[in-house]
Every structure is written in structure tokens, then in C-alpha cells.
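Let me begin by presenting the structure, written as C-alpha cells, before commenting on it.
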Amino acid sequence: NAGVTQTPKFRILKIGQSMTLQCAQDMNHNYMYWYRQDPGMGLKLIYYSVGAGITDKGEVPNGYNVSRSTTEDFPLRLELAAPSQTSVYFCASSALGGIGEKLFFGSGTQLSVL
Amino acid sequence: AQSVTQLGSHVSVSEGALVLLRCNYSSSVPPYLFWYVQYPNQGLQLLLKYTTGATLVKGINGFEAEFKKSETSFHLTKPSAHMSDAAEYFCAVRPISNFGNEKLTFGTGTRLTIIP
């Protein structure tokens, strides 16, 4: 019953530091997504992947990188953290990414860059 | 380009009263429509969705939504609010595509507060 698991739940970074947000799903889903959620702004898509070895940019990719070496894992890398990256980050997955496909979300990572 | 607008960032209703959360979309072709709910400190969960067929869609926890093409709306309702309905609600749209890789666009969310 794990679903989508994100680690860590909370993190404080100093400006210029780097870190990786981990995301893993055990549902054998092909599609995986990273969103950021800012107050009053809804969710913005950062990157997504349609399968192992395939990734693409979303709406707000600058300052982030991703990789997808396995079906299960989709880590998000922050290089040179900036205060503008303070946000709540959600990873999500779906089976096919197709018509009406339901997204399964992790519980989020709250990141502060100071 | 498509967009989605949720009217009212905060809505308060009394326990037992009608819940109405508004969502309008902007798209040249009616998209697929979704409502997600986010409980405190949790990720989003799908409440209901409209793809094709009957325009009144029933979801979990007694919620329903009606797709009205003429009004470009997909408002969420529940006849009688319960304390456990307190959460943030997001409307989302996805364009109709033959490729199956179109992304969701989320609204800015509506925080629902239930007054005892």
C-alpha cells in the first residue's frame, strides 16, 4: 500500500547548496511528474517522465534536473538552491498518462532555502 | 492554451449547508475536467473527473460536479457539508489528445472551511 513515497518530508537549505528530492512508486506506473506548490498559485509542473530513460520539461524547469533510470524512481535535483525555490514539492505518478488518467500523489517535501 | 479559474480562494460554509466551489475553464475545445482534494499535510487525491458521457459526475465523499459546456464551467457541489470536508480543492483540466501525454493544468485552489 505504499503508493508514491517522497523523502525527505522537510528540508532547509542554504543559498547555493544542492540536494536531491527522492520519489519512488511501487505501482509500476510509466508516467511520473514533479510539481511545486506555492501559496495561491496552485501546482506548477516542473518535469515529467513517460518511462525509464525519457524525461521532459514542464512549465517551470529552470534550476532543476531530473533523471529516470528505473520505472520506480524519479529523483529531482536542485543545483545552486535559491530562495525562489522555497516551496512544497509533490511527486506524482500515473499508469498511462492518457485520457482521464488519475494521478497518485506523494505526501510532499517542504523545502526552505534561506 | 488552456487555463482554469477557481473563483474564491477561501470559502466558508456551516456544517450541514450546501458546498459550492466554482471552476471555469478556457479552452477552444472542451477538455477533460478533474477535481482533486488536498487534506492538511497530504498529497492530492482525485475526487471526480469528467471525460465523456453524462455531464453530472459523482465522486467520493458525496461530492458531485456538473460539466456545462455553454458556461465553460465544472462547479463542485455537496448537499450537506461535514467537518471532515475541510481541505483545499483544486480544479484541473487536460486537453483532449490522441497522444495520451497531455499534462494537467491546475487551478489556484479553494480552501474550504467548515463552521461548526
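Treat the numbers as computed from the prediction; the structure is a model and nothing was measured. A, B, ... follow the sequence lines: proteins, then strands. Residue 1 opens every chain. Because only heavy atoms are used, hydrogens play no part in the values below, and waters and symmetry mates are left out as well, while side chains stay in.
With a 6.0 Å radius and a threshold of 12 heavy atoms from other residues, nucleotides or ligands, A/Ile12 has its CD1 atom at or below the threshold.
In this structure, the portion of A/Leu45 lying under 4.5 Å from any heavy atom of chain B is its side chain and not its backbone. With a threshold of 4.5 angstrom between heavy atoms, A/Gln6 does not approach chain B through any atom at all. Contact annotation for B/Gln6: neither backbone nor side-chain heavy atoms come within less than 4.5 Å of a heavy atom of chain A. Within the 4.5 angstrom heavy-atom criterion, no atom of A/Phe104 approaches chain B.
Inspection of non-hydrogen atoms places B/Gly107, B/Thr108 of residues 107-116 of chain B under 4.5 Å from chain A. Contact residues of residues 58-69 of chain A toward chain B are absent (heavy-atom distance under 4.5 Å). Residues of residues 73-84 of chain B placed with any heavy atom under 4.5 Å of a heavy atom in chain A are absent; none qualify.
Atom-to-atom distance recorded for A/Phe90:CZ and B/Gln38:CD is 4.5 Å, nearest 0.5 angstrom. In this structure, B/Leu48 CG and A/Lys102 NZ are separated by 11.5 Å, a value rounded to the nearest 0.5 Å. Taken from CD in B/Glu88 to CD in A/Gln37, the straight-line distance is 6.0 Å, to the nearest 0.5 Å.
By the rule that hydrophobic residues join a cluster once side-chain heavy atoms approach within less than 4.5 Å of another member, A/Leu43 and A/Tyr48 end up as members of one cluster. Cluster annotation: A/Ile46 and A/Leu13 are assigned to the same hydrophobic cluster (Ile/Leu/Val/Met/Phe/Trp/Tyr, side-chain heavy-atom contacts under 4.5 Å, transitive). Two different hydrophobic clusters hold A/Leu80 and A/Met19 under the rule that ILVMFWY side chains link at heavy-atom gaps under 4.5 Å. When hydrophobic clusters are built by joining Ile, Leu, Val, Met, Phe, Trp and Tyr residues whose side-chain heavy atoms come closer than 4.5 Å, directly or via intermediates, B/Leu46 is not grouped with B/Trp35. Placement of B/Tyr25 and B/Phe90 in two distinct hydrophobic clusters is found when ILVMFWY residues are connected by side-chain heavy-atom separations under 4.5 Å, directly or transitively.
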List the steps and the verdict of side-chain contact (heavy atoms from CB on, under 4.5 Å) for B/Phe106 and A/Met41.
CA-CA 9 Å; B/Phe106 285 88; A/Met41 300 294 290; over 6 Å; no
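Counting heavy atoms from C-beta outward, B/Leu104 and A/Tyr35 have side chains that approach closer than 4.5 Å.
Among pairs with a residue in residues 60-76 of chain B, those fulfilling salt bridge (charged side-chain N to carboxylate O under 4.0 Å, His left out) read B/Lys58-B/Glu64, at least two apart in sequence or across chains.
Distance alone, capped at 3.5 Å, is enough to place a donor-acceptor pair between the B/Tyr36 side chain and the A/Leu103 backbone.
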